[in-house]
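Quick note on labels: first sequence line is chain A, next is B, and so on, each numbered from 1.
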Protein chains: 2
Amino acid sequence: MSVDLLGPDPIYQQIAAVIRERIRDGTYPPQRAIPSEPDMCEEFGVSRNTVRAAIHVLNEEGLTRTVRGKGTYVIGKSAG
Amino acid sequence: MSVDLLGPDPIYQQIAAVIRERIRDGTYPPQRAIPSEPDMCEEFGVSRNTVRAAIHVLNEEGLTRTVRGKGTYVIGKSAG
DNA sequence: GGAAATTTGTTCGTATGTATA
DNA sequence: TTATACATACGAACAAATTTC
């Protein structure tokens, strides 16, 4: 999947939207970690700061939770 | 302590004056780091650029010294 | 237990664009 | 035009937690 990063919105908002969509469609399943910050820097071709800004948005929304030294995990239905 | 940031002077000059005063009265002791740029953005309710402009003034005066990745340190008497 | 690699956390350095006075 | 101020974005250094060997 390609990401355009055009349009009027800030890049970090657009990246947050992409990740949000991947969480909703199951590409990034609950309880699992999303790709690391360096990996997302590569995929989107942006700096780590920008990736972190995007993740910050999702954490604020309660969609994800970041743990130092581990990664950023998708919040959601466990199993039941 | 609250800081008003009114008056005719530029905001960054006023912030520099506040920090300068805190160095003089010992609130920010020698050899120690003053609060980080993000922290001061929060305290004063200004952008990082403005905080950096204030710190630049103090660095120019020789009151402080900024080190990348670490912080801004108060110059001054060590112990003796 | 130690060393190295991975990953996130924090902080400063720099540049660009926009808006205001 | 210049000075001030904010938001955004990339780059780099340093720090801490985790994992793996």
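The CZ atom of A:Arg48 sits 18 Å away from the C1' atom of D:dT8 (whole-angstrom rounding). Between the CD atom of A:Glu37 and the P atom of D:dT18 there is a distance of 16 Å, given to the nearest Å. C:dT8 atom C1' lies 13 Å from atom CZ of A:Arg65, rounded to whole Å. Taking atom OH on B:Tyr12 and atom C1' on C:dA21, their separation rounds to 15 Å, with Å as the unit. Atoms CG (A:Asp9) and P (C:dG17) sit 19 Å apart, rounded to a whole Å. Summarising the geometry, the separation between CZ on A:Arg32 and P on C:dT7 is reported as 14 Å, rounded to the nearest angstrom. Distance NE2 (A:His56) to P (C:dT8): 16 Å, rounded to an integer number of Å. The nearest whole Å value for the distance from the CE atom in A:Met40 to the P atom in C:dT7 is 12 Å.
For A:Thr66, the listed nucleotide lying nearest its side chain is C:dG9; candidates were D:dT4, D:dA9, C:dG9. Of the listed nucleotides (C:dC12, D:dC6, D:dC10), D:dC10 has the atom at the smallest distance from the side chain of A:Ile11. Comparing D:dT4, C:dG9, D:dG11 by their closest approach to the side chain of A:Asn49 singles out D:dG11. Here D:dA17 is the nucleotide among D:dA7, D:dA13, D:dA17 with the atom lying nearest to any side-chain atom of A:Arg68. Counting only heavy atoms from C-beta on, B:Ser36 has its side chain closest to C:dT11 among D:dG11, C:dT7, C:dT11. Of the listed nucleotides (D:dC6, C:dC12, D:dA17), D:dC6 has the atom at the smallest distance from the side chain of B:Val46. Looking at the side chain of A:Thr50, the nearest of the listed nucleotides D:dC6, D:dC10, C:dG13 is D:dC10.
Put simply, B:Arg52 has a side-chain N or O that comes within less than 4.0 Å of OP1 or OP2 on C:dG13.
Residue order along DNA chain D, read from the 5' end via each residue's closest nucleotide, puts B:Val51 first among B:Val51 and A:Lys70. Where B:Gly69 and B:Gln13 meet DNA chain D, the nucleotide closest to each residue was compared, and B:Gln13 sits on the side nearer the 5' end.
Side-chain atoms of B:Ser47 and B:Asn49 include no donor-acceptor pair closer than 3.5 Å.
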Salt bridge (Lys or Arg N to Asp or Glu O under 4.0 Å) evaluation trace for A:Arg24 with A:Glu61:
CA-CA 13 Å; A:Arg24 296 209 193 285; A:Glu61 291 172 352; 5.9 Å; no
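Using a 4.5 Å heavy-atom threshold, the side chains of B:Ile23 and B:Thr64 count as touching.
With hydrogens and angles ignored, the 3.5 Å screen pairs no side-chain donor or acceptor of B:Glu37 with any backbone N or O of B:Val51.
Taking a 6.0 Å sphere around CD of A:Glu42, one finds it holds 12 or fewer heavy atoms contributed by other residues, nucleotides or ligands.
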